[in-house]
Amino acid sequence: MATTAPFGYQKDEKDHNHLVIDEVTAPVVELIFSIAEEGVGLHTICNRLRKAKVIKPSFYKKEMFERYTDEEKMYDWDTAYVSKILHDPVYAGNLTVAERPTKTMRSKKRQYIPYAEREVIYGTHEPIIEQSRWNTVQKILESRPPVIGESSSGYDNIFRGIIKCADCGSAMLAKVEQKRKRNNVLDKTFYCCTKYRKFGKEGCSSHTIEARTVHEVVLADIQKHAGQALTDRKAMVTEIAERLNLQMSADREQQKKELRQCKQRVSEIENLYAKLYEDLTRELLTEKRFQMLSARYDSEQEELTAKIKELEKSAIADKEQLSSIEHFAEQISGYAGITELNFKIINQLIEKILVSEPVEVDGQKIQRLTIHYKFIGALETLE
């Protein structure tokens, strides 16, 4: 309903209350989200846009409304505007209602409504950014530290917001120990429970784990699943589905057969009701006998109806989960052959990594990592 469409969109010529993708500016929005997925800050995004000589939105307004714009500053992107683009649900195909409403009818002052509290209407137009990808970027923005620029330690914490303590759920803090006489900063770094760092043993235990170990274990697991998805995707999907106890092929056929039988029996009971009533009216059946048989049929019909709902619900859930597994297999297959990890890969594939406290088993110290992948959850616990 606004005068102009959001950057990246234009108003539909056939319906001015509907948005359509602007082929000229939509790639800029795509670029901004792509850079944000790398985990860099707003200033870095603006610098990259400026170096790439990407024209800022006000230039397009100049063309539309012939407004004055300083052409020397046409590449100087503002962090506030980039932040607005990255947080706006409009790019996922949704619209927000009353973002900055007036306090009263007579007042021109507007109040700010936090993003989390805004009412969102989903699926109002074609998205530039897929919803799952938009959600990932929101998590990245939330997990970014308040400090701008690279860490003074030199360690790029690609697991920030992802790696957590398995016992208390707190984030794992990356600590660089400069006293360690090692050449690579990765070998000087370890993770420990934030709650332990703050409150000591009263809060939690340390859960200390080497950063090198985390990198190597996670990389090996991604390589393993990516290679499997590339060589035999069907077998991988079947294996994951079996691990998650999904109904597969033969089981689904048995489930369908059982569902048909239940529905058929419900239909038979309806016919039996009609025959019972007819026998009652023709006095071929006593009232007492009619009530007894009716109660029996009622009970059976209630059980069958509940079972039908359960079977249908299970079938829908299994179908959705199977679709998620296939999507995961397709996505991870693109990372077959990678030799190192980065922030973007981690946030595209992984929901969280849980680190357990080291335990001693048969005289050996063992520590467990559980990787929860997006769409499918945890497949196995790694040691």
Side-chain angles (χ1 to χ4, degrees), residues 37-39 132-133 135-137 139-140 142-143 155-174 186 189-194 204-233 235-246 321-359 361 365-383:
E37 285 176 315
E38 298 176 18
S132 60
R133 188 180 172 199
N135 292 340
T136 298
V137 170
K139 286 191 68 176
I140 291 172
E142 289 171 10
S143 68
Y155 175 64
D156 181 16
N157 184 12
I158 62 174
F159 296 104
R160 63 177 178 271
I162 297 288
I163 188 167
K164 300 178 184 293
C165 172
D167 292 320
C168 70
S170 300
M172 296 286 284
L173 175 72
L186 183 62
T189 308
F190 63 90
Y191 285 94
C192 66
C193 175
T194 304
C204 194
S205 53
S206 67
H207 291 73
T208 302
I209 187 169
E210 297 286 335
R212 171 71 71 180
T213 302
V214 178
H215 278 254
E216 289 179 352
V217 169
V218 174
L219 176 60
D221 201 57
I222 291 174
Q223 287 173 332
K224 171 189 166 185
H225 294 303
Q228 190 180 2
L230 197 64
T231 55
D232 194 345
R233 188 175 302 181
M236 178 187 181
V237 171
T238 303
E239 182 185 338
I240 294 174
E242 287 174 352
R243 285 187 190 180
L244 299 178
N245 297 318
L246 292 187
Q321 183 66 71
L322 192 60
S323 177
S324 294
I325 295 171
E326 289 169 348
H327 182 64
F328 168 75
E330 181 182 355
Q331 192 173 48
I332 201 170
S333 65
Y335 295 102
I338 61 168
T339 56
E340 58 182 31
L341 299 173
N342 59 44
F343 188 86
K344 190 172 184 177
I345 293 173
I346 296 300
N347 279 271
Q348 283 183 341
L349 295 178
I350 299 174
E351 188 70 35
K352 61 183 176 181
I353 299 170
L354 299 181
V355 180
S356 299
E357 178 69 9
V359 292
V361 179
K365 190 177 180 182
I366 294 175
Q367 191 164 21
R368 294 180 173 88
L369 264 74
T370 306
I371 302 173
H372 290 252
Y373 285 101
K374 289 186 175 180
F375 311 112
I376 61 170
L379 294 176
E380 57 189 320
T381 298
L382 307 169
E383 295 182 349

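Sorted by first and then second residue, the salt bridge (Lys or Arg N to Asp or Glu O under 4.0 Å) pairs involving residues 335-352 (not counting sequence neighbours) are Glu37-Lys344, Lys139-Glu351. The salt bridge (Lys or Arg N to Asp or Glu O under 4.0 Å) contacts involving residues 224-233 comprise Lys224-Glu380, where partners must be two or more places apart or lie in separate chains.
Legend: residues meeting side-chain contact (heavy atoms from CB on, under 4.5 Å) with Gln331, ordered by chain and number and at least two apart, are Leu349, Phe375. The ring pair (Phe, Tyr, Trp, His ring centres under 6.0 Å) test applied to Tyr191 returns no partner, not counting sequence neighbours. Glu326 meets the side-chain hydrogen bond (donor to acceptor under 3.5 Å, both in side chains) test with no other residue; sequence neighbours excluded. Partners of Glu239 under the side-chain contact (heavy atoms from CB on, under 4.5 Å) rule, at least two apart in sequence or in another chain, are Gln228, Arg243. With sequence neighbours excluded, no residue forms a side-chain hydrogen bond (donor to acceptor under 3.5 Å, both in side chains) with Thr194. Residues satisfying the side-chain hydrogen bond (donor to acceptor under 3.5 Å, both in side chains) test with Thr136, not counting sequence neighbours, are Lys374. Residues forming a side-chain contact (heavy atoms from CB on, under 4.5 Å) with Ala378 (at least two apart in sequence, or on another chain): Thr370, His372. Under the side-chain hydrogen bond (donor to acceptor under 3.5 Å, both in side chains) criterion, Glu210 pairs with Arg180, not counting sequence neighbours. Scanning for salt bridge (Lys or Arg N to Asp or Glu O under 4.0 Å) contacts around Glu38 gives Arg48, with sequence neighbours left out. With sequence neighbours left out, Leu219 forms a side-chain contact (heavy atoms from CB on, under 4.5 Å) with Gln223, Ile338, Leu341.
Distance check: Ile209 CD1 to Ile353 CD1 gives 9.5 Å after rounding to the nearest 0.5 Å. Met172 contributes atom CE, which lies 6.5 Å from atom SG of Cys192 (distance to the nearest 0.5 angstrom). With values rounded to the nearest 0.5 angstrom, Ile162 atom CD1 is found 11.0 Å from Leu354 atom CG. Separation of atoms CD (Glu357) and SG (Cys204) is listed at 7.5 Å; rounding is to 0.5 Å. Distance check, rounded to the nearest 0.5 Å: CG of Asn157 to CD1 of Ile163 gives 8.0 Å. Asp156 contributes atom CG, which lies 9.0 Å from atom CG of Asn342 (distance to the nearest 0.5 angstrom).
Nearest approach of Leu230 to Ser333, heavy atoms of both residues: CD1-O, 4.1 Å. Between Gln367 and Ser356, the shortest heavy-atom distance links the atoms NE2-O, 2.9 Å. When all heavy atoms of Gly39 and Ile140 are compared, the pair lying nearest together is CA-CG2, 4.0 Å. Closest non-hydrogen pair, Cys193 versus Ser170, comes out as SG-CB, 4.3 Å.
Inter-residue side-chain proximity for Ile325 and Tyr373 is flagged as unmet; no heavy-atom pair is nearer than 4.5 Å. Using a 4.5 Å cut-off on side-chain heavy atoms (C-beta onward), Phe343 and Arg160 make contact. At a threshold of 4.5 Å between non-hydrogen side-chain atoms, the residues Val218 and Ile222 count as touching.
Ring centroid separation for the pair Phe159 and His215 comes in under the 6.0 Å cut-off.
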**Request:** Assess whether side-chain contact (heavy atoms from CB on, under 4.5 Å) is satisfied between Leu379 and Ile371, documenting all intermediate values.
**Result:** CA-CA 7 Å; Leu379 294 176; Ile371 302 173; over 6 Å; no
